[in-house]
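When reading the values below, keep in mind they use all heavy atoms of this one structure, side chains included, and skip hydrogens, waters and symmetry mates. Every value quoted in this text rests on a predicted model; they were computed, and no experiment measured them. Sequence lines set the chain letters: A, B, ... in the order given, protein chains first and strands last, and positions in each chain run from 1.
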Amino acid sequence: MIDLRRLRDDADYRAGIERKRVGADLIDATLQLDDERRRILTEIEELRARQNTASKEIGRTPADARPEKIAAATALKQELAGKEPVLAELERRLRELALQIPNPADASVPDGGEDDAEVVRTVGETGPAPAFDHAALAEALGLVDMDRAAQASGSRFAYLQHEAVLLELALVQWVVSTLVAEGFVPVVPPVLVRESTMEEAGFFPTDRNQVYDVDGGELFLVGTSEIPLSALQRGEILDVAELPLRYAGVSTCFRREAGTYGKDTRGIFRVHQFDKVEMFSFVHPDRSWDELDAILAIEESLIQRLGFPYRVVDIAAGDLGAAAAKKYDVEVWLPSEGRYRELMSASNYLEYSARRLGTRVRTDAATRFVHTLNGTACAISRTLVFLFEHCQSSDGGLVVPEVLRPYCGLELVEPRG
RNA sequence: GGAGGGAUGCGAGAGCGGCCGAAUCGGAUGGUCUCGAAAACCAUUGUGGGGCAACCCACCGUGGGUUCAAAUCCCACUCCCUCCGCCA
């Protein structure tokens, strides 16, 4: 949720929103509704003040002198009854519009439209395409069965089998252990949440079409554990000493991937269901930029230990999504495609979702909204994709990355005879 | 699935339809006392909104309703607890 007061007073704030290519008409309509709302609110509050005074006076009046005063108060009541529905309707419409306005892009975010991300750094040497692409290798080794998954569930689903399962469990174990050492509290959250939780996390209404709903629309399957994690401190006013709160969510993620027909159809690069370890932080509002750097550093360290060549990009304003004020993507080189593809991201939401969640911190000066951040620690299926290409052995098998060996007890995945 | 009980401020816990934004205890913060500390005593201590100064409005699980007036009465919903049944 944006800050309406800043929207009308702070030109930079508005400019940051417009850099996300939001129509000026949406902002203007919102401000106009807000003006009307405040006008009526003032009228109503004045009426209420008069009514409160009148009622209190009735309480002090002897019974026989009351009827006349009650009649006068009834008139006030009726006047209010005419205006209150108008205010309620204005507030409803205002909220509907305000929810559609994205978090302003931070001033440091590069300009430009989509696909104009700025490369922050590149690490590692890119190599030539391997003998097999990830999908072919996974099928040959019996690690992924998408044909039968399509029979059972449709396109973009997969059965992970054999060593792929051991690799998944090893990745989760390794990454969670790493995060616990960094002060993250590991959490397996609910993956079904209410509409209000979706909205408070900043996903509804903007990303509604990406979400599966179940139980007749009562509950929604989360696309990331960020959603239930953000709800952990809903409505709370925290003490300064309690921050930062770092959580590592481990969950299955569900995404409709609407609007991606024909894109990334090979293998498990883009699927409707995958498991992911996600970092989520609640921090003091003065500390969120440091936290963003810290989350990014953890992500890079994980990739480096897997040995993948990658680059970090600073996502341009037009491609940021509703909630993020700034976002880095970590893209790994995918040899079969000869380009970098997204594996992780790290975002600073500032107070955007904290406003909706009502999560605040009591500081010496005032009670302020906390800042929330999130970052991918390990999206399993995509990590496997890169692993299938970068860790191929010359005989068509896999060499398990060093860091995972203690967790899966495997050094090699042999070609199946 | 059936039957009851409950939801109040940081925590515990009162609260006759008007004098309750809310008793009391505890916690926290500041002060007095002390060489220092403890104890004791005094004071302060919810959130949001409009003007943004005085002041005013709203909030006692959520949403409706009754009333001149509702934490207090009525209805619905959500959540928690206890008991019974069922499944693991």
Round to a whole Å and report the spacing from CE of A:Met1 to C1' of B:G49. 14 Å

Test for a donor-acceptor pair under 3.5 Å between the base of B:G49 and the side chain of A:Arg37, counting only N and O atoms. no

Walking RNA chain B from its 5' end, the first of A:Arg66 and A:Thr53 to be reached, judged by nearest nucleotide, is A:Arg66

Measure from CG on A:Leu80 to P on B:A69 and round the result to the nearest Å. 9 Å

Roughly how many Å is it from CZ in A:Arg48 to C1' in B:C55, rounded to a whole number? 17 Å

Whole-Å gap separating P (B:G63) and CZ (A:Arg92): 16 Å

Proximal nucleotide (of B:C68, B:U78, B:G50) relative to the A:Arg194 side chain: B:U78

If we count only N and O atoms by modelled type, under 3.5 Å, do the side chains of A:Glu226 and A:Tyr247 hold a donor and an acceptor together? no

For nucleotides B:U44 and B:A22, find the distance between their P atoms and express it as a whole number of Å. 13 Å

Can you confirm whether A:Leu343 sits close enough to A:Val330 that some side-chain heavy atom of one is under 4.5 Å from a side-chain heavy atom of the other? no

Integer-rounded Å distance: B:C68 P and A:Lys77 NZ: 4 Å

Let me know, please, whether A:Asp34 or A:Ala54 comes out on the 5' side of the other along RNA chain B by nearest nucleotide. A:Asp34

Quick one: A:Asp35 CG to B:G50 P, roughly how many Å, whole number? 12 Å

salt_bridge(A:Arg50, A:Glu45) N-O dist < 4.0 Å: no

Across all strands shown, which nucleotide pairs with B:C19 by Watson-Crick or G-U wobble geometry, both distances under 3.5 Å? none

Any side-chain donor paired with an acceptor under 3.5 Å for A:Ser353 and A:Thr372? yes

Using the C1' atom in both, what is the distance from B:C41 to B:U34, to the nearest Å? 14 Å

Spacing of the P atoms in B:G85 and B:C80 (rounded, Å): 22 Å

Quantified in whole Å, what is the P atom distance between nucleotide B:C57 and nucleotide B:A43? 28 Å

Inter-nucleotide P distance (B:G26, B:U82), Å rounded: 30 Å

